Amino acid sequence: MSESWFKREILTPRRLAFNVLFYGSHLALFAYGWYSQETNTKLSALNGLKFSVWTSRGAGLVLAYDGGLILVPMLRNIVRIVRPKLSWLLPADENIWFHRQVAYSMAFWAMVHTTAHYVNFINVERTQVRKEIALHIHYQEAGGITGHTMLLLMVLMYTTAHHKIRQQCFEAFWYTHHLAFFFMIALYTHATGCFVRDSTNPDYISTFPFYSTQHCLGYESWRFIIWPGILYFGERIWREIRARRTTELSKVLVHPSGAMELRIVKPSFKYKSGQWLFIQVPDVSRFQWHPFTITSAPEDPYVSVHIRQVGDFTQALGERLGAGPSVVASLTKAAMKAEEKVDDAAPAFDRGNFVEIDANATTRPMPLVRIDGPYGAPAEDVFKSEVAVLVGAGIGITPFASILKHIWYMQRKGNLGSLRRVEFFWICRDAPSFGWFQSLLQEVEAAQTNPDFLRINIYLTQKISEDMMWNIAVNDTGAPYDPLTLLRTRTMYGRPNWKSIYTGIRSAIETGRYLPGREASLRTKVGTYFCGPSALAKVVREHALAASTSSIDFTFAKEHF
């Protein structure tokens, strides 16, 4: 039986601790804001409005708290530094998830705060506790102007952040999310002015802050929440400076199924396998930065990324590099013909070939490419586990390309840390996709002196035609290599049985067949590292965690951008 949402999101130990701290702190701040407003004798006149003003004060304090929290997970460089040291305590790999939780909280408390204030404005006119009418408060005072500005910006940012809109039109998400700069300015100035005061008439003065703090009692939570904003602004400046260091696009390779491989040389760029970066191509867009996983190993003399042409930016980049749809279509067609070869004269190795774009053959030189990063990812921790289960779906193999290459280099050095076994799973919808990393997998497989160290498991989920099935059967008979991948490991068809896979690993460890020489009394860590669709991630996570025992600790980590 599948794990229920309530148990997964509420009752797991780490998530339960988070919920208690996160929502508990919000409710505590709301109660404190309500109490401090209600018991403030200087605001006795305003407290005549009763519940609406107490609610607005409590919700406003919570919103100020969230306004500081929402930028913390976006401090990417600080998160990257903190992550290896505090990953046992803080879920640093889930910084985007935490960012969304704060955003959901802000949406809820903004509705509470706004509703309470509209009731306040009605009661202000009814009781005449202020001389201003509601329209004046709404559109001529700092609180009303900044409040309505923030509501408008939230509508724009929240709607374009929906995953369907973000996938179909990343540009809309990218540009509207940068309206957060104006949102934060409005947040920091929202409580300024002299609306909250202990007298009917404002006590304005001619010098900054233009009102007397003796009688004007503006809430000053901005003094505490502005620090994450200062840190974030400083980090963005540093990222811009770092990204402008000398960078050269040395090679562009086009693989079957539309994956482009960009090889970039940047001497100042240092990274670990499994990490990711942002890319900007000014010829395509001067302002957009897009995240991609690094597919090269730290030992390589270049930084490479594999980019699938599925969106506006990636397709425009393909056209700019001379690797547009026509090049991809011809290459994929050639790969399909290689798979369906009917005689030995057909070049079997063509299916994994790529096309290198010749810069001299194009009328325009290679574009300028800037990279920003690197940034941390769960896959960095592969070498901390005795057994690593790497699961990639489609182009989700990219972080594991870097890891497998790094493992190959580490094997040559004889230094693999705690790592004793690697189980690599690659699930593809169509056969041409195998060409993305075919040469890499061949090199890694051929380099294995211990056949038990690395096990490659490749699954093809596409329904294949009868002709292709016949050709695969003919070419597979007695052949030392798989006809689709040219690996010694045979391709499997259909979806993996994850329950059987994890129970099999557990049984093999318990009986001593999986890690020979390891004492049964020692606790074994089996880490699963996943990159791919969320629906598949839930299935893999459920079966991985269900396999844990008192002596075998199965963990799961998903790649996030």
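Quantities reported herein were computed from a predicted structural model and do not represent experimental measurements.
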Do His99 side-chain atoms and Ile70 backbone N/O form a donor-acceptor pair below 3.5 Å?
yes
Decide yes or no on side chain to side chain contact (heavy atoms under 4.5 Å, CB included) for Val387 and Arg421, but give the supporting numbers first.
CA-CA 5 Å; Val387 180; Arg421 289 287 296 265; 4.3 Å; yes
Report yes or no: does Lys266 contribute a side-chain atom to a donor-acceptor pair with the main-chain N or O of Ile371 at less than 3.5 Å?
yes
Taking the ring of Phe554 and the ring of Phe556, is the distance between their centroids below 6.0 Å?
no
Arg76 to Glu235 - nearest heavy-atom pair and separation:
N-OE2, 2.8 Å
CA sep, side-chain torsions, deciding dist, call: Leu153, Phe181, side chain to side chain contact (heavy atoms under 4.5 Å, CB included)
CA-CA 10 Å; Leu153 296 179; Phe181 174 80; over 6 Å; no
Please check: side-chain N/O of Thr398 versus main-chain N/O of Thr293, any donor-acceptor pairing under 3.5 Å?
no
If you look at every heavy atom in Ser285 and Tyr175, which pair is closest and at what distance?
OG-OH, 3.4 Å
Using the ring of each side chain (for Trp, its six-membered ring), is Tyr459 parallel, tilted or perpendicular to Phe425, with breaks at 30° and 60°?
parallel
When you compare the side chain of Pro73 with that of Trp97, does any pair of heavy atoms fall below 4.5 Å?
no
Are any side-chain N or O atoms of Arg166 and backbone N or O atoms of Ala161, one a donor and one an acceptor, separated by less than 3.5 Å?
yes
Can Lys525 and Glu386 be counted as an ion pair, charged N to O under 4.0 angstrom?
no
Write down the atom of Ala393, the atom of Gly532, and the distance for their closest heavy-atom approach.
CB-CA, 4.3 Å
Enter the distance from Arg80:CZ to Gln275:CD here, rounded to the nearest 0.5 Å.
6.5 Å
Close side-chain approach of Met410 and Glu299, heavy atoms under 4.5 Å:
yes
Phe30 ring center near Trp109 ring center (under 6.0 Å)
yes
Does either side chain, that of Tyr271 or that of Ser296, offer a donor lying less than 3.5 Å from an acceptor on the other one?
yes
Does Met157 offer a backbone N or O that forms a donor-acceptor pair with the side chain of Thr176 under 3.5 Å?
no
Between Arg506 and Tyr502, a side-chain donor and acceptor under 3.5 Å
no
Looking at Phe233, I'd like to know if its CZ atom is crowded, meaning that more than 12 non-hydrogen atoms belonging to other residues, nucleotides or ligands lie closer than 6.0 Å.
no
Tell me, with the steps shown, if Leu419 and Phe453 meet side chain to side chain contact (heavy atoms under 4.5 Å, CB included).
CA-CA 9 Å; Leu419 195 61; Phe453 175 76; 4.1 Å; yes
Sole residue of Val369, Val281, Asp283 in side-chain contact (heavy atoms from CB on, under 4.5 Å) with Leu317:
Val281
Measure across Thr159 and Val155 and return the closest heavy-atom pair with its distance rounded to 0.1 Å.
OG1-O, 2.8 Å
Any non-hydrogen side-chain atom of Val112 less than 4.5 Å from a side-chain atom of Phe108?
yes
Is the cationic atom of Arg541 (NZ for Lys, CZ for Arg) positioned less than 6.0 Å from the six-membered ring centroid of Phe530 and within 45 degrees of its normal?
no
Closest non-hydrogen atom pair between Ile294 and Val305, with its separation:
CA-CG1, 4.3 Å
How far apart are the closest heavy atoms of Pro496 and Ile501, and which atoms are they?
CB-CD1, 3.8 Å
Distance-only, no hydrogens or angles: does the Ser507 side chain make a donor-acceptor pair with backbone N or O of Gly504 under 3.5 Å?
no
Does the side chain of Pro374 reach to within under 4.5 Å of the side chain of Lys272, using non-hydrogen atoms?
no
Could you state the interatomic distance from CD1 (Ile279) to OG1 (Thr247), rounded to the nearest 0.5 Å?
10.0 Å
Would Asp372 and Arg239 pass as an ion pair if we require N to O under 4.0 Å?
yes
For Tyr65 and His26, I'd like to know if the aromatic rings sit close, meaning centre-to-centre distance below 6.0 Å.
yes
Met154 side, atom CE; Thr149 side, atom OG1 - distance, nearest 0.5 Å:
13.0 Å
Do the ring centers of Trp289 and Phe313 come within less than 6.0 Å of each other?
no
Considering only NZ, NE, NH1 and NH2 on the basic side and carboxylate oxygens on the acidic side, decide whether Glu240 and Arg242 come within less than 4.0 Å.
no
What is the distance from atom SG of Cys531 to atom NZ of Lys558, rounded to the nearest 0.5 Å?
7.0 Å
Okay, side chain of Ser385, backbone of Ala388: is any donor-acceptor separation there less than 3.5 Å?
no
So, do Trp238 and Asn77 sit near enough that their side-chain heavy atoms are less than 4.5 Å apart?
yes
Measuring from atom CG of Leu71 to atom CD1 of Ile230, what distance do you get when rounded to the nearest 0.5 angstrom?
11.5 Å
Side chain of Gln288, backbone of Glu171: donor and acceptor closer than 3.5 Å?
no
Can you check side chain to side chain contact (heavy atoms under 4.5 Å, CB included) on Trp174 and Thr160, steps first, answer last?
CA-CA 9 Å; Trp174 178 261; Thr160 55; over 6 Å; no
Keeping Tyr158 on the side-chain end and Ala103 on the backbone end, is there a donor-acceptor pair under 3.5 Å?
yes
Is any side-chain heavy atom of Ile427 closer than 4.5 Å to a side-chain heavy atom of Val391?
yes
Could you check if a side-chain atom of Ile96 sits within less than 4.5 angstrom of a side-chain atom of Arg100, using non-hydrogen atoms only?
yes
Give the intermediate values and the outcome of ring-ring contact (aromatic ring centres under 6.0 Å, His included) for residues His178 and Phe287.
CA-CA 11 Å; His178 279 76; Phe287 303 106; 9.3 Å; no
Less than 6.0 Å separating the ring centroids of Phe292 and His306?
no
Distance check, rounded to the nearest 0.5 Å: Trp408 atom CH2 versus Leu454 atom CG?
13.5 Å
Got His113 and Met111 here, is their nearest side-chain heavy-atom distance under 4.5 Å?
no
